[in-house]
Amino acid sequence: MLKSQIDDNLRLIFEEESQADLPPRLQELLERLDEIDVPVGVASGVSDPKTEKNS
């Protein structure tokens with residue numbers, strides 16, 4: 001019962017915060033990052049073993 005209440009309250013707080021407006025500078029930064037063209041695999045830091053050469 002108590003764990004359920006804690007889970008519900010945390011979920012409610014998270015939902016409220018996720019819908020809050022971002023500060024203008026952070027919003028601008030996110031927009032600039034969206035404009036950057038990053039090749040697949042580079043953004044995640046994960047390399048494709050099929051394209052790597054064996055050393």
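Here Asp8 pairs with Arg11 under the side-chain hydrogen bond (donor to acceptor under 3.5 Å, both in side chains) rule; sequence neighbours left out. For Asp7, the side-chain hydrogen bond (donor to acceptor under 3.5 Å, both in side chains) criterion is met by Lys3, not counting sequence neighbours.
Leu10 shares a hydrophobic cluster with Leu2, Ile6; the chain of contacts runs through ILVMFWY side chains whose heavy atoms sit under 4.5 Å apart.
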Show me, pair by pair, the donor-acceptor contacts under 3.5 angstrom made by side chains of residues 28-37, not counting sequence neighbours?
residue	atom	partner	partner atom	Å
Glu31	OE2	Gln27	NE2	3.3

